[in-house]
Amino acid sequence: MVIIIYAKKLFGAIIYRNLYSCSTSDICNSSPVWEFFNKSPRRVKLHICDSYSKVHLALEQESQGRPRENVPYRKQAKHENTYEAVGSFCHKNSICTKPTKFILCTVLNSCAKTVNWQLGLQIHAYMVQSGHEENLFLSSALVDFYAKCDAIMDARKVFDEMKVRDQVSWTSFIVGLSQNRQRRDALSMFKEMLGSQIKPNCFTYVGVITASAGLKEAFELGLSLHSHVIKFGFNTNSFVVSSLIDCYAKWGSIGHAVLLFDEIHERDVILYNSMISGYSQNLCGKGALKLFMEMRNKNLSPTDYTFTSILNACGSLTVLFQGRQVHSLVIKMGSERNVFVNSALIDMYSKCGDVNGSCCIFDQTCEKNNVLWTSMITAYAQSGRGSDALKLFEHLLTEEGFVPDHICFTAVLTACNHAGLLDKGIEYFNKMRTTYGLFPDVDQCACLVDLFARNGELRKAKDLMEKMPYDPNYVMLSSFLSSCNIHGEVELGREAAKQLIQLNPCNDAPYLILAHIYARSGLWTEVAEVRKLIQQRGIRNHSGWSWVEVDRAVMSS
DNA sequence: TTAGGGTTAG
């Protein structure tokens with residue numbers, strides 16, 4: 001109807017595509033426009049078959065409101081209202097001869113921000129048709145558009161074909177890779193950029209620091225990025241600093257994050273949010289609460305991000321009174337409809353022992369989603385109400401069309417653990433793969449190991465640890481060792497303790513639990529050996545496990 | 001006319 005991509009006898013086939021006659025999903029599911037461009041760009045003909053005013057009308061119908069034609073299109077695009085921006089774009093072009101590269105760029109920018117795939121494709125098509133294909137600004141905007149629409153392969157094609165690149169095009173692609181969960185590729189691309197003529201700017205550093213956040217192997221790179229930031233004077237840029245704070249916090253280096261935060265005197269809300277979230281992630285709840293108070297004293301309004309992090313901190317500290325105060329503030333600030341905040345509230349109330357509070361939040365939330373449902377199942381599971389958790393889970397599966405993910409299954413298996421339902425737990429664990437196509441990750445395996453171990457099925461727990469494609473982690477082995485102690489399993493306990501000591505040689509718990517296991521079985525020589533080993537290695541008592549019971553057993557023997 | 005920071009469940 002409006003723009004037809006029409007290629008005659010292309011590789012012997014007649015290919016006809018009418019973008020406007022297709023729905024967005026049709027276009028997404030059809031062969032990409034790229035196929036035409038790549039095979040024979042010059043043979044592809046794009047015809048504008050109708051006036052842009054018809055586009056205007058079509059979009060107007062979709063947008064459920066008339067575009068405000070008196071507002072400049074550029075300003076509208078900045079306000080992230082594609083329909084209005086496009087409305088102005090179309091209106092302008094129904095009276096002009098053709099859209100300029102500036103207009104195309106602005107509309108493409110708006111398409112990227114609002115993920116308007118259909119229109120963005122047409123702008124790309126028009127770029128080819130109108131000879132703007134190699135324009136640096138438009139190509140950069142196109143890279144950004146494809147990346148924001150999760151079409152990173154298309155973004156890469158645009159980027160690779162660019163003859164000239166600048167800081168923006170490099171940064172757009174690096175950030176695009178990062179946002180498309182290809183963070184390692186983003187870091188590689190940054191290294192490639194360093195070898196080019198184009199030098200990174202603060203935008204690039206924000207992108208690459210964000211990409212390296214949470215990647216353990218990128219810690220060294222993170223340190224050198226921090227050095228670069230200082231060297232080039234970006235260490236006062238709040239965007240750069242907040243990304244660095246987040247990075248250090250995710251690496252567990254909360255001290256580095258605090259040093260960075262303290263160096264900034266003009267702190268905006270996002271900097272506070274980064275630091276509060278950093279404290280919260282590193283279980284420094286008191287630091288988070290202190291900073292939250294400081295933020296309030298400076299009359300900075302908390303955002304949904306602030307509430308989510310501070311509620312998380314309240315939950316970790318199990319401070320119900322402060323949690324309720326934050327809840328009041330959430331209502332006052334109008335954040336009670338945010339799904340992140342509500343999930344955090346459910347979590348906070350359950351961790352503070354008030355699972356009825358969690359139920360109230362859950363019931364009052366109108367628009368529930370998978371995250372919220374999982375939060376409530378987790379709240380029940382962690383509060384020892386395993387049967388309620390399973391009841392809710394089954395209800396959601398049958399009544400709400402709920403599709404559980406890995407995290408939900410962790411909650412469900414935890415619930416089975418609390419309810420002592422071994423068979424049910426095995427059934428859900430198997431259903432993960434057979435019904436939902438989810439391969440259990442280390443967390444669900446840990447739940448099942450725990451379930452087996454608590455029910456005295458230590459050999460099955462051991463088999464699972466050996467067969468699963470992950471190394472058993474510390475929590476899993478600790479739980480297994482505790483069960484070995486309860487059920488008096490000497491050989492399995494000895495092996496688990498050995499693995500735990502290898503993972504963390506400074507922790508006294510595995511030694512002491514092993515001593516308890518030996519004492520229960522009357523293996524006094526082995527008890528003495530463990531005691532000697534602890535002394536030789538200078539291991540201090542931190543865990544809370546003591547020798548009192550072991551000594552009592554030795555004495556009574 | 002193009003690019004950037006902070007949030008949830010185990």
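Below, each value reflects all heavy atoms present in this structure, side chains not excepted, and no hydrogens, waters or symmetry copies. Reminder, nothing fancy here: chain letters follow the sequence lines and each chain counts from 1.
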Need one value for [X]: base, sugar-phosphate or nothing, where a base atom within 4.0 Å counts as base even if backbone is also close, heavy atoms only.
X      : value
A/T306 : nothing
A/L372 : nothing
A/N135 : nothing
A/D405 : base
A/S172 : sugar-phosphate
A/D347 : sugar-phosphate
A/S343 : base
A/T210 : sugar-phosphate
A/T171 : base

Passes side-chain contact (heavy atoms from CB on, under 4.5 Å), A/L108 versus A/M127? Steps please. CA-CA 11 Å; A/L108 204 45; A/M127 274 171 62; 4.2 Å; yes
OP1 or OP2 of [N] under 4.0 Å from side-chain N/O of [X]:
X      : N      : result
A/K113 : B/dT2  : no
A/N370 : B/dT8  : no
A/Q281 : B/dT7  : yes
A/Q444 : B/dG10 : no
A/N109 : B/dT1  : no
A/K250 : B/dG5  : no

Where the side chain of [X] is concerned, which of [options] is the nearest nucleotide?
X      : options              : value
A/V206 : B/dA9, B/dT2, B/dG5  : B/dG5
A/N312 : B/dT2, B/dT8, B/dG4  : B/dT8
A/D268 : B/dA9, B/dA3, B/dG5  : B/dG5
A/D144 : B/dG4, B/dG10, B/dT8 : B/dG4

Parallel under 30°, tilted from 30 to 60°, perpendicular over 60°: which one fits the rings of [X] and [Y]?
X      : Y      : value
A/F145 : A/W117 : parallel
A/Y146 : A/H124 : perpendicular
A/F234 : A/F232 : tilted

Under a 4.0 Å heavy-atom cut-off, which of [range] touch DNA chain B?
range                       : answer
residues 233-243 of chain A : A/N237, A/S238, A/F239, A/S242
residues 350-366 of chain A : A/K351
residues 182-204 of chain A : A/N201, A/C202, A/F203

Test item: A/M476 and A/M468 side chains (from C-beta on) under 4.5 Å apart, heavy atoms: yes
Is any side-chain heavy atom of A/R165 less than 4.5 Å from a side-chain heavy atom of A/F159? yes
In terms of side-chain heavy atoms, does [X] have a donor or acceptor partner in [Y] at a distance below 3.5 Å?
X      : Y      : value
A/Q444 : A/Y428 : no
A/S169 : A/D166 : yes
A/H132 : A/Y126 : no
A/N201 : A/T204 : yes

Starting from the C-alpha separation in whole Å, work towards a yes-or-no answer on ring-ring contact (aromatic ring centres under 6.0 Å, His included) for A/W373 and A/F393. CA-CA 8 Å; A/W373 283 327; A/F393 179 61; over 10 Å; no
Distance, nearest 0.5 Å, that separates CD1 of A/I276 from OH of A/Y272: 8.5 Å
Could you tell me the separation between the CE atom of A/M275 and the OG atom of A/S242, rounded to the nearest 0.5 Å? 12.0 Å
Whole-Å distance, A/I264 CD1 to B/dG5 C1', equals 12 Å
